[in-house]
Amino acid sequence: MAELPTHILTDAGFTSDEAEGVVQALLHGVNLHESSERTHSVNIDDLPDDKKEALERFNMAVAADA
């Protein structure tokens, strides 16, 4: 697998562990809008706007490579 641009997430304030958790959740199709699943530590709806924007940029960067 190609190197993912997780720096987009960490530059916005995600810790390395949070960024890895987001990546793993996305790879496994986990709904990051629902914290009730307890399979991840990040709930998109609870994020500050700058982190939401970074997550959107990350998704677009990864989708462009697909």
Side-chain angles (χ1 to χ4, degrees):
M1 178 185 291
E3 184 74 22
L4 296 174
T6 55
H7 65 86
I8 295 171
L9 300 174
T10 56
D11 289 351
F14 285 91
T15 66
S16 295
D17 287 342
E18 288 173 331
E20 180 62 24
V22 167
V23 169
Q24 290 304 312
L26 292 172
L27 287 172
H28 292 100
V30 173
N31 183 350
L32 292 175
H33 290 279
E34 295 181 14
S35 59
S36 62
E37 290 185 30
R38 300 286 184 229
T39 56
H40 57 86
S41 61
V42 176
N43 183 328
I44 292 174
D45 299 323
D46 293 338
L47 294 175
D49 289 339
D50 56 336
K51 285 187 175 182
K52 287 179 185 177
E53 180 184 332
L55 185 55
E56 181 65 24
R57 286 193 327 264
F58 174 80
N59 285 333
M60 296 303 289
V62 173
D65 290 339

Mind checking side-chain contact (heavy atoms from CB on, under 4.5 Å) for Glu20 and listing every partner two or more places apart, or none if nothing turns up?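 Checked Glu20 against side-chain contact (heavy atoms from CB on, under 4.5 Å); matches are Gln24.
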Minimum heavy-atom distance between [X] and [Y], given as atom pair plus value:
{"X": "Lys52", "Y": "Ile44", "result": "CE-O, 3.2 Å"}
{"X": "Ala54", "Y": "Ile8", "result": "O-CG2, 3.4 Å"}
{"X": "Leu55", "Y": "Leu9", "result": "CA-CD2, 3.8 Å"}
{"X": "Ala25", "Y": "Leu32", "result": "CB-CD2, 3.5 Å"}

Reported [atom1]-to-[atom2] distance for the pair [X] and [Y], which is rounded to 0.5 angstrom:
{"X": "Phe14", "Y": "Thr6", "atom1": "CZ", "atom2": "OG1", "result": "11.5 Å"}
{"X": "Leu26", "Y": "Leu4", "atom1": "CG", "atom2": "CG", "result": "9.5 Å"}
{"X": "Thr10", "Y": "Phe58", "atom1": "OG1", "atom2": "CZ", "result": "10.0 Å"}

Taking only residues two or more places apart in sequence or in another chain, which ones pass salt bridge (Lys or Arg N to Asp or Glu O under 4.0 Å) with Glu56?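 Per chain and number, Glu56 pairs via salt bridge (Lys or Arg N to Asp or Glu O under 4.0 Å) with no residue.
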Side-chain touch Val62/Val23, heavy atoms, less than 4.5 angstrom: no
